Amino acid sequence: MTGRNDPYDTNRDMRDDFRAEIREFLGTRRARVTPEQAGLPSYGGDRRRVNGLRREEVALLAGISSEYYTRLERGNATGVSESVIDGIAQALRLDEAERIHLLDLLRGAGTTRPPRRKPAQQRVRPAVQRVLDSMTGTPAFVLSGRLDILAANHLGRALFSPVYADPARPPNNARFVFLDPHAPEFFRDWDQVANDVVAMLRAEAGRDAYDRRLTDLIGELSTRSEDFRRRWAAHNVRIHTTGLKRFHHPVVGDLDLPFETFPLGGDASQSLLTYTPEPASRSQDALNLLASWAATNDDIDESEPAESAGSAGSAETSD
């Protein structure tokens, strides 16, 4: 939602931003589906003025009128039914993350909720930190929706020591990926990681465009990184819950680590991230070596995020 003047200007209706996001999101989804893929005849051949489906073709596939779909794509989200959303999602071949994102945008376009003036102060509950610390053989983290590392265990801080090298607190994965020159070496699949980071931020921006820390981060990355700007313009979204990350750690070399993420109860924007290597693998050996290195390196604990250590209670809210 950034880049459209000041998102915290109280004299401006933020619903206009959501309407613009709906138009751009649905436009990019239409562009990737051809009439042939949708089972429609392709009229016009090389003379077609649009990539992918026309609005009237989406409307036909969704079982609604062309006028209704055009109004919806322009951001008129009043009274959109579940059946209409399902029809559009099927016509545009939206996955679950994209469908949720569309619902978030439609909800935002219809709300009159004023933007928050102060960002929420996120804190990690002491019980959650104890869970992290009990996972001695597994790198584990708590992430916010904007990809801040709010908490980590000792092995997690050792694994992400290049990220913690930035003195800014809390460390932020997105800022590291796009602004730190060491990121392409640390993430062996940097291009895919960069795509995933942007897709997660895009989904989070649709869920809560009133989060000032999030919009500030997106604004910073848009200003400082052409790689980020190009990916942000694609309007891709993703729910990133499981997979494989390939690292090159400066101490122990290459690690291939399957990961899982779990939402944390009590705060919808926080998630637990764990990395668990395959048993008896080279990555397991490298992680064991990293744990031995971390056990003798006192600087690892000193790199703990300032906002997570000793923080009591759940995330604060703001007016």
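Quick caveat: nothing in here was measured; it's all calculated off a predicted structure.
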Flag, side chain of [X] to backbone of [Y], donor-acceptor distance under 3.5 Å:
X      : Y      : answer
Arg202 : Trp232 : yes
Ser292 : Asn288 : yes
Gln129 : Ala152 : yes
His154 : Thr136 : no
Arg169 : Asp166 : yes

Using a distance-only test with no angle check, is there a side-chain donor-acceptor pair under 3.5 angstrom linking [X] and [Y]?
X      : Y      : answer
Ser283 : Ser281 : no
Arg231 : Asn195 : yes
Asn153 : Asp133 : no
Glu260 : Thr274 : no
Asp196 : Gln192 : yes
Arg32  : Asn236 : no

key: Under the salt bridge (Lys or Arg N to Asp or Glu O under 4.0 Å) test, residues paired with Asp180 that sit two or more places apart   =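 Listed in chain order: nothing, the list is empty.
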query = Of all residues at least two apart in sequence or in a different chain, which pass the salt bridge (Lys or Arg N to Asp or Glu O under 4.0 Å) check with Glu36?
reply =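 Glu36 satisfies salt bridge (Lys or Arg N to Asp or Glu O under 4.0 Å) with no residue once adjacent residues are dropped.
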In plain terms, say whether [X] and [Y] are close enough for a salt bridge, that is, a side-chain N and a carboxylate O under 4.0 Å apart.
X      : Y      : value
Arg207 : Asp104 : no
Arg146 : Glu204 : no
Asp254 : Arg282 : no

ask   = Name the one of Arg19, Arg23, Arg30, Arg54 that satisfies salt bridge (Lys or Arg N to Asp or Glu O under 4.0 Å) with Glu73?
value = Arg30
request  = Please say which of Arg213, Arg229, Arg175 ends up in a salt bridge (Lys or Arg N to Asp or Glu O under 4.0 Å) with Glu220.
outcome  =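 That would be Arg175; it is the only one of Arg213, Arg229, Arg175 passing the salt bridge (Lys or Arg N to Asp or Glu O under 4.0 Å) with Glu220.
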task = Take atom CD of Gln37 as the centre, draw a 6.0 Å sphere, and report whether it contains more than 12 heavy atoms from other residues, nucleotides or ligands.
result =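 Counting neighbours around CD of Gln37, more than 12 heavy atoms of other residues, nucleotides or ligands fall under 6.0 Å, so yes.
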Holding to side chain to side chain contact (heavy atoms under 4.5 Å, CB included), I want the full list of residues that pass it with [X], two or more places apart in sequence or in another chain.
X      : answer
Thr223 : none
Ala97  : Asp95, Val237, Ile239
Thr70  : Arg55, Ser66, Arg74
Ala291 : Leu155

Side chain to side chain donor-acceptor pair (under 3.5 Å) involving [X] - partner list, sequence neighbours excluded:
X      : value
Arg71  : none
Asp256 : Arg188
Arg93  : none

ask   = Linking Ile, Leu, Val, Met, Phe, Trp and Tyr by side-chain heavy atoms under 4.5 Å, what else ends up with Val131?
value =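 Result for Val131 is Met135.
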request  = Scan residues 276-296 for pairs that pass ring pair (Phe, Tyr, Trp, His ring centres under 6.0 Å), counting only residues two or more places apart or in two chains.
outcome  =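 The answer is none; no pair qualifies.
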ask   = Does any pair with a residue in residues 239-260 pass ring pair (Phe, Tyr, Trp, His ring centres under 6.0 Å), and if so which ones, sequence neighbours excluded?
value =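 Counting only pairs at least two positions apart or across chains, the ring pair (Phe, Tyr, Trp, His ring centres under 6.0 Å) contacts touching residues 239-260 are Phe160-Phe247, Phe186-Phe247, Phe187-Phe247, His240-Phe259, Phe247-Tyr275.
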task = For the residue pair Ile149 and Pro170, establish whether any side-chain heavy-atom pair is separated by less than 4.5 Å.
result =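 Not in contact.
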key: Parallel, tilted or perpendicular, as decided by the 30° and 60° cut-offs, for the rings of Phe178 and Phe228   = perpendicular
Approximate separation, where rounding is to 0.5 Å, of Leu60 CG and Ser65 OG = 11.5 Å
